[in-house]
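No experiment lies behind these values; they were computed from the predicted model shown.
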Amino acid sequence: MGVAMGTIDLAVEPDFHLGPWLVRPSLGLALRDGAEVRLEPRVLQTLIVLVRAGGRTVSRAELMRTAWGLEVSDDAIGRCIGRLRAVLTVDGVITFETIPKIGYRLIIPDTEQDIVAESKQVDSPATAPDGPAATAPRRPGLLLGAAILALAGVAGLWLALGGPAAAPTATVLPLTSDPGQEMHPAISPGGGQIVYAADRAGQGFDLWLQSLSGGTPVRLTDDRAHDLFPAWSPDGGRIAFIRSEAGKPCRILVRPVPSGPERPVGACTTYRETQPVWLDADHLAFSERAARGEPARIWSLALSGERAGTLVPLTDPPAGQAGDSDPAISPDGRRLAFMRHLGVGVSEVHVRDLATGRETRVTQDGRKLHGVVWSGDGRWLYVSSSRTGDFGLWRFDPDGRQPPQRIAPGLNLLGRVAAGGDRVAAEVRTNRSALLRLEPDGGTSPAIPPSTRLDWDPDVSPDGAIAFASDRTGMFEIWVADPGAAPVPVTQFGGAYTQSPRWAPDGRRLALISTVDGNPGLFILERASGRLTRVAAEPGVEDRAPAWSRDGRRLYFASNRQGDWRIWLSRPPYREAMPITGPGWRAAKESADGKWLYLAHATQRGLWRQPADGGPAEKISEVLDPYDVENWVTGPAGVHLVERVPQQGARILLLPADGGEPRIVAPLPDALYKSSLAIDPEGRLVAGEHQGTMVDIVDIRIAAP
């Protein structure tokens with residue numbers, strides 16, 4: 001990125017212990033109990049400055065001078081401190097203290113014993129004057145063993161857990177390995193059986209029952225629609241699940257196990273999918289929005305009696321947030337755990353006492369979560385979390401008496417989790433997509449060198465550089481591929497959900513969406529200097545879909561900062577923003593000549609346009625689905641967008657700028673959802689294509705120490 005690197009040369013920095021961690025600057029790694037966490041160069045430089053300070057407060061100016069070598073924004077420093085907190089402070093031994101308006105301080109109890117240089121000359125601190133202080137060596141922690149990457153293929157992988165609490169052990173074994181997808185695991189209350197959704201029959205997802213001791217899976221449902229999210233009743237005699245059909249809200253059903261007729265008990269209002277859970281033998285809980293535009297709540301559904309079918313809200317999320325999902329009831333039926341989503345990729349776990357209504361926030365990470373479930377004894381919450389960058393399996397004490405413990409690293413693989421008895425089951429996901437250039441002859445070619453990970457959300461600068469989001473390093477960052485060069489990452493958010501890179505017309509700046517210190521927002525990255533500026537900062541809101549005006553003087557974006565989605569506009573120096581539409585609009589882009597502003601709606605199909613200097617919006621197409629709200633691009637020829645055709649997949653359409661009839665440009669059956677289209681300097685389209693998903697389930701057996 002051409003960023004000055006300050007006075008710290010990581011290549012020659014000695015390894016050192018920091019509390020329970022071994023930090024290896026020359027390799028960019030922090031290690032604990034055998035697990036490896038990659039730390040970005042700037043984060044490591046910030047850590048070393050704080051270590052060298054020996055417990056005194058380090059000013060922002062000193063951090064800039066020593067770690068950066070140039071002036072940077074407070075957001076850039078805060079992002080590094082946030083990353084260090086997420087990785088190194090999981091058990092409370094290490095603390096990064098913020099001194100308001102002054103700087104930061106690293107606090108470690110008994111510092112003299114906890115910061116140890118890893119060097120052949122540890123008895124001579126003077127041999128490494130630029131490194132952290134050296135003292136007597138300290139015994140490193142227990143080794144964890146193999147990485148989670150081998151979960152699905154290596155039986156008997158033993159993982160050792162660390163932390164203040166007595167360390168249990170976990171054995172991880174593959175449970176399913178069929179082609180296709182097996183997901184949404186649910187372990188029976190006694191821990192002997194598992195039910196999950198699978199597409200192994202090739203006709204959509206059905207529910208399958210399998211013994212955890214082995215044997216052949218048994219098919220429980222057989223329907224043309226998708227049967228998903230099974231949940232065991234407290235006595236293990238029934239399963240609740242949802243049935244999802246394209247274009248319709250989902251239905252909630254209950255059926256006996258192992259056989260018996262299924263019975264519809266409720267229906268969703270707006271959601272196509274939701275996860276039910278049993279509150280007791282006669283009530284279910286699930287997540288749903290009462291109306292479009294409102295935050296999602298957890299609702300209780302009565303199954304019988306006079307109140308059968310009655311919905312009662314159990315949670316009340318703040319307005320302007322995405323809301324609550326993934327309910328999980330404690331084994332004693334007294335507490336409800338759930339995920340509260342502040343925005344895309346920013347979630348926390350909360351626990352609600354169902355008798356008193358008191359809610360407690362369990363996590364403080366501001367990261368993306370994939371699932372939460374209670375342990376069989378109700379002592380722990382198991383969470384698939386990206387709190388240290390990759391999606392590892394963690395356990396949290398819902399009462400806050402014990403620090404979080406990492407059970408297994410994930411390399412962005414672990415999905416939803418289930419628990420029962422002394423077992424935990426988890427999804428292990430592998431997703432792959434590619435960025436393709438659509439050629440004039442109707443063919444395609446790779447727009448960037450392909451990977452085995454997710455590459456998506458492209459945009460092309462005037463000089464042909466392709467910016468895109470990717471998890472090539474196990475974490476979502478923004479990458480740039482200059483013409484004829486290999487892609488390189490240009491952000492270092494370290495696990496935050498980062499997306500929507502959009503080039504300014506000058507090709508020197510990128511607008512993008514990410515999260516800093518738990519707050520999602522819109523940022524501008526100056527590529528040459530690496531300087532990052534937050535646009536119109538307002539904590540607790542969600543900004544999406546950035547788009548530059550054709551002259552580069554205005555930045556459009558969607559935001560829910562007034563409680564509903566609207567299009568907002570910001571101008572230099574980007575400290576303020578103003579709404580320019582009424583509610584409901586979710587994306588806006590200027591026409592190539594700057595005369596029109598095209599609009600996509602948050603919940604309604606179609607595309608609209610209005611004069612760029614203001615005026616009423618008119619609908620010009622019925623094609624665009626809200627799922628593809630950013631999957632379109634404006635250019636000299638008009639608007640290119642994705643059309644989804646039932647039973648046929650997707651194709652790219654052109655709405656001509658002269659108002660002519662729409663025409664098909666190219667078939668792209670597996671076009672990515674929630675991505676974008678882009679146009680290169682030669683007028684060719686760049687689009688994301690889904691190239692496969694495999695989901696298997698692993699059995700994690702946790703034993704007491």
Item checked: Non-hydrogen side-chain atoms of Ser559 and Arg566 separated by less than 4.5 Å -> no
Next item on the list: Measure the shortest side-chain to side-chain distance between Leu685 and Val633 over non-hydrogen atoms and say whether it is less than 4.5 angstrom.
Entry: yes
Item checked: Arg553 CZ: over 12 foreign heavy atoms closer than 6.0 Å -> no
Checklist line | Sub-4.5 Å side-chain heavy-atom contact between Leu454 and Phe476 | finding: yes
Check: Between Asn631 (side chain) and Leu672 (backbone), is there a donor-acceptor pair under 3.5 Å?
Finding: yes
Margin query: Counting C-beta onward and ignoring hydrogens, is there a side-chain heavy-atom pair between Pro450 and Gln691 closer than 4.5 Å?
Written below: no
Next item on the list: Quick one: closest heavy-atom pair of Ala602 and Trp565, and the distance?
Entry: CB-CD1, 4.3 Å
Next item on the list: Before accepting this row, confirm whether a basic side-chain N of the pair Glu590/Arg554 lies closer than 4.0 Å to the acidic partner's carboxylate O.
Entry: yes
Margin query: Counting C-beta onward and ignoring hydrogens, is there a side-chain heavy-atom pair between Trp456 and Ser470 closer than 4.5 Å?
Written below: no
Notebook entry, point to check: Of all residues at least two apart in sequence or in a different chain, which pass the salt bridge (Lys or Arg N to Asp or Glu O under 4.0 Å) check with Arg571?
Noted result: none
Notebook entry, point to check: Is Glu542 salt-bridged to Arg544, going by a charged N under 4.0 Å from an acidic O?
Noted result: yes
Notebook entry, point to check: Hey, are Asp680 and Arg437 close enough for a salt bridge, meaning a charged N less than 4.0 Å from a carboxylate O?
Noted result: yes
Check: Can you tell me how far CD of Gln321 sits from CG of Leu342, rounded to the nearest 0.5 angstrom?
Finding: 4.5 Å
Note to self: Quick one, Arg361 with Glu348, criterion salt bridge (Lys or Arg N to Asp or Glu O under 4.0 Å). Give me CA distance, side-chain angles, the key distance, then yes/no.
What the structure shows: CA-CA 7 Å; Arg361 182 173 171 178; Glu348 303 291 359; 3.1 Å; yes
Notebook entry, point to check: To the nearest 0.5 Å, what is the distance between OG1 (Thr95) and CG (Leu106)?
Noted result: 8.5 Å
Item checked: Nearest heavy-atom neighbours spanning Gly507 and Ser461 -> CA-CB, 4.4 Å
Next item on the list: Drop me the distance from Leu438's CG to His640's NE2, to the nearest 0.5 angstrom.
Entry: 9.0 Å
Note to self: With heavy-atom distances below 4.5 Å as the criterion, would you say the side chains of Val362 and Val372 are in contact?
What the structure shows: no
Next item on the list: Please confirm whether the backbone N or O of Gly415 pairs with a side-chain atom of Ser384, one donor and one acceptor, at under 3.5 Å?
Entry: yes
Notebook entry, point to check: If you draw the axis of the six-membered ring of Tyr598, does the NZ or CZ of Lys589 fall within 45° of it and under 6.0 Å from the ring centre?
Noted result: no
Notebook entry, point to check: Salt bridge between Glu526 and Arg508, side-chain N to carboxylate O under 4.0 Å?
Noted result: no
Next item on the list: Please list, chain by chain and in numerical order, all residues satisfying side-chain hydrogen bond (donor to acceptor under 3.5 Å, both in side chains) with Thr98, sequence neighbours excluded.
Entry: Arg85
Note to self: With a 3.5 Å distance limit and no angle check, can you tell me whether Thr634 reaches the backbone of Ala592 through a side-chain donor-acceptor pair?
What the structure shows: no
Notebook entry, point to check: Applying the side-chain contact (heavy atoms from CB on, under 4.5 Å) test to Met339, which of Asp324, Thr363, Leu369 qualifies?
Noted result: Leu369
Notebook entry, point to check: Crowded around Gln364 CD? As in, over 12 foreign heavy atoms under 6.0 Å?
Noted result: yes
Next item on the list: Look at Glu427 together with Arg416 and state whether they make a salt bridge at an N to O cut-off of under 4.0 Å.
Entry: no
Notebook entry, point to check: Do you know the tightest heavy-atom contact between Pro317 and Ala296?
Noted result: CG-O, 3.2 Å
Notebook entry, point to check: To the nearest 0.5 Å, how far apart are CG in Leu44 and CD in Gln492?
Noted result: 9.5 Å
Next item on the list: May I ask you to say whether Arg502 pairs ionically with Asp457, meaning some side-chain N is under 4.0 Å from a carboxylate O?
Entry: yes
Note to self: For a quick test of reading the model, state the closest non-hydrogen atom pair linking Ile567 to Thr581 and the distance between them.
What the structure shows: N-OG1, 3.0 Å
Check: Does the side chain of Ile448 come within less than 4.5 Å of Phe468's, by heavy atoms?
Finding: yes
Next item on the list: Would you please indicate yes or no on a ring centroid separation below 6.0 angstrom for His601 and Trp585?
Entry: yes
Next item on the list: Spell out, as yes or no, whether a donor-acceptor pair under 3.5 Å connects the side chain of Arg684 to the backbone of Ile679.
Entry: no
Item checked: Side chain Glu630, main chain Lys674, donor-acceptor under 3.5 Å -> no
Checklist line | Asp543 and Trp568, any side-chain heavy atoms less than 4.5 Å apart | finding: no
Item checked: Qualifying residue, where the test is side-chain contact (heavy atoms from CB on, under 4.5 Å) with Ser514 and the options are Thr498, Leu522, Thr491 -> Thr498
Next item on the list: Go through the steps to decide whether Ser347 and His341 satisfy the test side-chain hydrogen bond (donor to acceptor under 3.5 Å, both in side chains), and finish with yes or no.
Entry: CA-CA 4 Å; Ser347 306; His341 306 283; 2.6 Å; yes
Item checked: Reported CG-to-CZ distance for the pair Leu569 and Phe557, which is rounded to 0.5 angstrom -> 8.0 Å
Check: Rounded to the nearest 0.5 Å, how far does OG of Ser385 lie from CZ of Phe396?
Finding: 5.0 Å
Note to self: So which atom in Ala511 and which in Trp548 form the shortest heavy-atom distance, rounded to 0.1 Å?
What the structure shows: CB-NE1, 3.7 Å
Margin query: Ignoring hydrogens, what is the shortest heavy-atom contact between Pro458 and Ala678? Give both atom names and the distance.
Written below: O-CB, 3.7 Å
